[in-house]
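Below is one structure, written out as structure tokens; comments come after it.
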Amino acid sequence: MGILSIPQGKARTVLALTCAAALTAACGGAAPSSAAPATPGGAPQTITVTMTEFAFAFDHPPNGPGAYVFHAVNAGKYPHSIELDGAGVSDQTSSTVQPGGTTDLTATLQAGDLDMYCPIDGHRAKGMETHLTIAAAGSGTGGY
């Protein structure tokens, strides 16, 4: 599965592409198992987040309220971390990941807006942040 990078300011385009893919799947295509809706109280859905200077790339976006494991992979040359604010979480932070390392951050998300950013020494100001919308269960939308 390819990794989708979200440059700052491209969220609407990505949302449109995500919706188009969902419509294609609904019209006869099969959705990948990783895109199954998260279920509150169920097994967490894993999302791989690749961290570089200074951006995040996801293998797929969160697709509804529920439990998630954000598997963070540092593909950059500086230490990075993930912090989540919104959609039912506040200041939830992963451990700091050295270059080449990984860590997991588990969070139970609710419908609403979610900010993900790197809290390390000015990385957020350099653009290492993204805004996600967690759609209400059954709405058929959500993601970046």
Nearest 0.5 angstrom please: [X] [atom1] to [Y] [atom2], how far?
X      : Y      : atom1 : atom2 : result
Asn74  : Thr103 : CG    : OG1   : 11.0 Å
Leu109 : Gln45  : CG    : CD    : 10.0 Å
Thr52  : Lys77  : OG1   : NZ    : 10.5 Å

Problem - Cluster link Met128 to Val97, ILVMFWY, side chain under 4.5 Å - result: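 Yes, it is one cluster - the side chains of Met128 and Val97 are joined through contacts under 4.5 Å.
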
Practice task
Establish whether Tyr117 and Leu105 are linked, either directly or via other cluster members, by ILVMFWY side-chain heavy-atom contacts under 4.5 Å.
Solution key: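 No; tracing contacts between hydrophobic side chains, which count when under 4.5 Å, never links both residues.
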
So, for [X] and [Y], which heavy atoms are closest and what is the spacing to 0.1 Å?
X      : Y     : answer
Tyr68  : Asn63 : OH-N, 3.1 Å
Ala111 : Pro65 : N-CG, 3.9 Å
Glu83  : Asp91 : OE2-OD1, 3.1 Å
Ala72  : Ile82 : CB-CD1, 3.5 Å
Ile134 : Ala87 : CG1-CB, 3.9 Å
Met116 : Phe56 : O-CE1, 3.8 Å

Handout entry: Derivation and outcome, side chain to side chain contact (heavy atoms under 4.5 Å, CB included), residues Phe54 and Ile120
Key = CA-CA 11 Å; Phe54 290 93; Ile120 295 176; over 6 Å; no

Should [X] and [Y] count as side-chain neighbours, where that means a heavy-atom distance under 4.5 Å?
X      : Y      : result
Lys126 : Glu53  : no
Asp115 : Glu129 : no
Cys118 : Arg124 : no
Thr102 : His71  : yes

Exercise for the section: Quick one: do Asp113 and His131 satisfy side chain to side chain contact (heavy atoms under 4.5 Å, CB included)? Show the steps, please. Expected result: CA-CA 7 Å; Asp113 293 327; His131 178 81; 3.4 Å; yes

Practice task
Please confirm whether the backbone N or O of Val69 pairs with a side-chain atom of Asp104, one donor and one acceptor, at under 3.5 Å?
Solution key: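 Such a contact is absent between Asp104 side chain and Val69 backbone.
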
Practice task
Return yes if some donor-acceptor pair links the side-chain N/O of Ser81 with the main-chain N/O of Ser94 below 3.5 Å, else return no.
Solution key: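 Checked: pair present.
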
Exercise for the section: Run through Thr133, Asp85, Leu132 and flag the one making a side chain to side chain contact (heavy atoms under 4.5 Å, CB included) with Leu114. Expected result: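 So, applying the side chain to side chain contact (heavy atoms under 4.5 Å, CB included) to Leu114 and each of Thr133, Asp85, Leu132, only Leu132 qualifies.
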
